[in-house]
Amino acid sequence: MNPPPTPPTEDPLRPHTYDGIREFDKRLPNWWLFTLYGAILFWIGYWSYFESWHEGRNGPQQLAVALQRIETQKLSAVAATHLDDATLWRMSRNPQFVEAGRATFNSICASCHLSSLRGKSENPTAVGVDLTDQVWIHGGRPTEIIQTVTNGVPAKGMPTWGPVFGPKR
């Protein structure tokens with residue numbers, strides 16, 4: 001024969017009372033504890049990544065990157081329709097345009113003007129002229145430089161790069 005079932009015992013109550021409410025002394029559920037410990041581990045990792053190791057971008061850095069991207073898009077739209085000296089000077093201060101220009105120069109122009117931009121003044125066997133001096137034979141304004149690169153100077157050995165580069169480069 002089976003023993004009679006024991007009556008369920010009530011969980012013990014905590015000794016304090018608040019507004020007439022008594023609280024059971026029970027253990028927290030596992031899902032709640034896992035959530036708590038997971039949040040603590042996430043906080044430790046987050047704090048370490050951003051505050052201790054300074055790996056991630058903070059708010060002002062993210063804002064600066066977003067504003068830089070917006071400025072690049074605006075300059076690209078303006079440059080596609082109207083290219084003047086003021087726009088070109090603003091583009092020369094934008095890191096994305098500068099990096100794209102550097103890559104183009106290093107891949108195409110550096111063979112004649114050298115990667116130091118010194119051309120014949122550094123190496124007499126170089127074909128291109130010095131781009132770092134104050135003397136600009138065909139004009140030093142940004143629009144004049146674009147015209148020189150686009151149309152070239154065939155009499156002095158500079159090919160026309162306009163068809164190769166296209167309007168965006």
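Both backbone and side-chain heavy atoms feed into the values below; hydrogens, waters and symmetry mates do not. These figures come from a predicted structure and were not determined experimentally.
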Hey, quick one: are I44 and Y37 part of the same hydrophobic cluster, counting side-chain heavy atoms closer than 4.5 Å, chains of contacts allowed?
-> yes

Give a yes or no on this: more than 12 heavy atoms of other residues, nucleotides or ligands lie within 6.0 Å of atom CZ of F50.
-> yes

Drop me the distance from Q96's CD to Q73's CD, to the nearest 0.5 angstrom.
-> 8.5 Å

Hey, what do you get for CZ (F42) to CH2 (W47), rounding to the nearest 0.5 Å?
-> 15.0 Å

When hydrophobic residues are tied together by side-chain contacts of less than 4.5 Å, even through go-betweens, does W31 share a cluster with L33?
-> yes

In terms of hydrophobic clusters joined by side-chain contacts under 4.5 Å, are L75 and V98 together?
-> no

Just by distance, do the side chain of H54 and the backbone of E51 share a donor-acceptor pair under 3.5 Å?
-> yes

What closest approach, in Å, do C112 and A126 show between heavy atoms, and which atom pair accounts for it?
-> O-CB, 3.7 Å

Validation row: D130, K120 side chains within 4.5 angstrom (heavy atoms) = no

Beyond-backbone contact of L131 with F105, side-chain heavy atoms, under 4.5 angstrom | yes

In terms of hydrophobic clustering (I, L, V, M, F, W, Y; side-chain heavy atoms under 4.5 Å; direct or indirect links), are L41 and F34 co-clustered?
-> no

For G59, does its backbone N or O pair with a side-chain atom of Q62 as donor and acceptor, under 3.5 Å?
-> no

Heavy-atom closest pair (S115 atom, N106 atom, distance to 0.1 Å) is CB-OD1, 4.5 Å

Answer with yes or no whether the hydrophobic clustering places W43 together with L36; edges join I, L, V, M, F, W, Y residues whose side-chain heavy atoms lie under 4.5 Å apart.
-> yes

Could you check V149 against M158 for side chain to side chain contact (heavy atoms under 4.5 Å, CB included), going step by step and ending with a plain yes or no?
-> CA-CA 8 Å; V149 171; M158 168 106 175; 4.2 Å; yes

I70/K74 under side chain to side chain contact (heavy atoms under 4.5 Å, CB included): CA gap, chis, key distance, verdict = CA-CA 6 Å; I70 291 169; K74 285 172 42 179; 4.0 Å; yes

Criterion side chain to side chain contact (heavy atoms under 4.5 Å, CB included) on D133 and R118, from CA distance to verdict = CA-CA 8 Å; D133 61 3; R118 304 279 305 174; over 6 Å; no

For T143, side chain to side chain contact (heavy atoms under 4.5 Å, CB included) partners two or more places apart | D85, L88, R141

First locate atom CG of L114, then atom CD of E122, and finally report the distance between them rounded to the nearest 0.5 Å.
-> 5.5 Å

Do P142 and W89 come close enough that some side-chain heavy atom pair is under 4.5 Å?
-> yes

Looking at side-chain heavy atoms only, is the closest gap between E71 and R90 below 4.5 Å?
-> yes

For the residue pair E23 and H16, confirm or rule out a side-chain donor-acceptor distance under 3.5 Å.
-> yes

For N94 and Q68, does a side-chain donor sit closer than 3.5 Å to a side-chain acceptor?
-> yes

What residues form a salt bridge (Lys or Arg N to Asp or Glu O under 4.0 Å) with E55, not counting sequence neighbours?
-> none

Which pair of non-hydrogen atoms, one from M91 and one from A79, has the smallest distance, and what is that distance?
-> SD-CB, 4.0 Å

When the ring centroid of W161 is compared with that of F165, is the distance short of 6.0 Å?
-> yes

Spacing of T35 atom OG1 and I40 atom CD1 [to the nearest 0.5 Å] = 11.0 Å

Answer yes if the side chains of T160 and N151 hold a donor-acceptor pair under 3.5 Å, and no otherwise.
-> no

4.5 Å side-chain heavy-atom contact, S92 and F97 = no

Carefully, step by step, assess L13 and D25 under the rule side chain to side chain contact (heavy atoms under 4.5 Å, CB included).
-> CA-CA 5 Å; L13 291 173; D25 191 13; over 6 Å; no

dist E99:CD -> T104:OG1 (nearest 0.5 Å) comes out at 10.0 Å

First locate atom OG of S121, then atom CG of N123, and finally report the distance between them rounded to the nearest 0.5 Å.
-> 9.5 Å

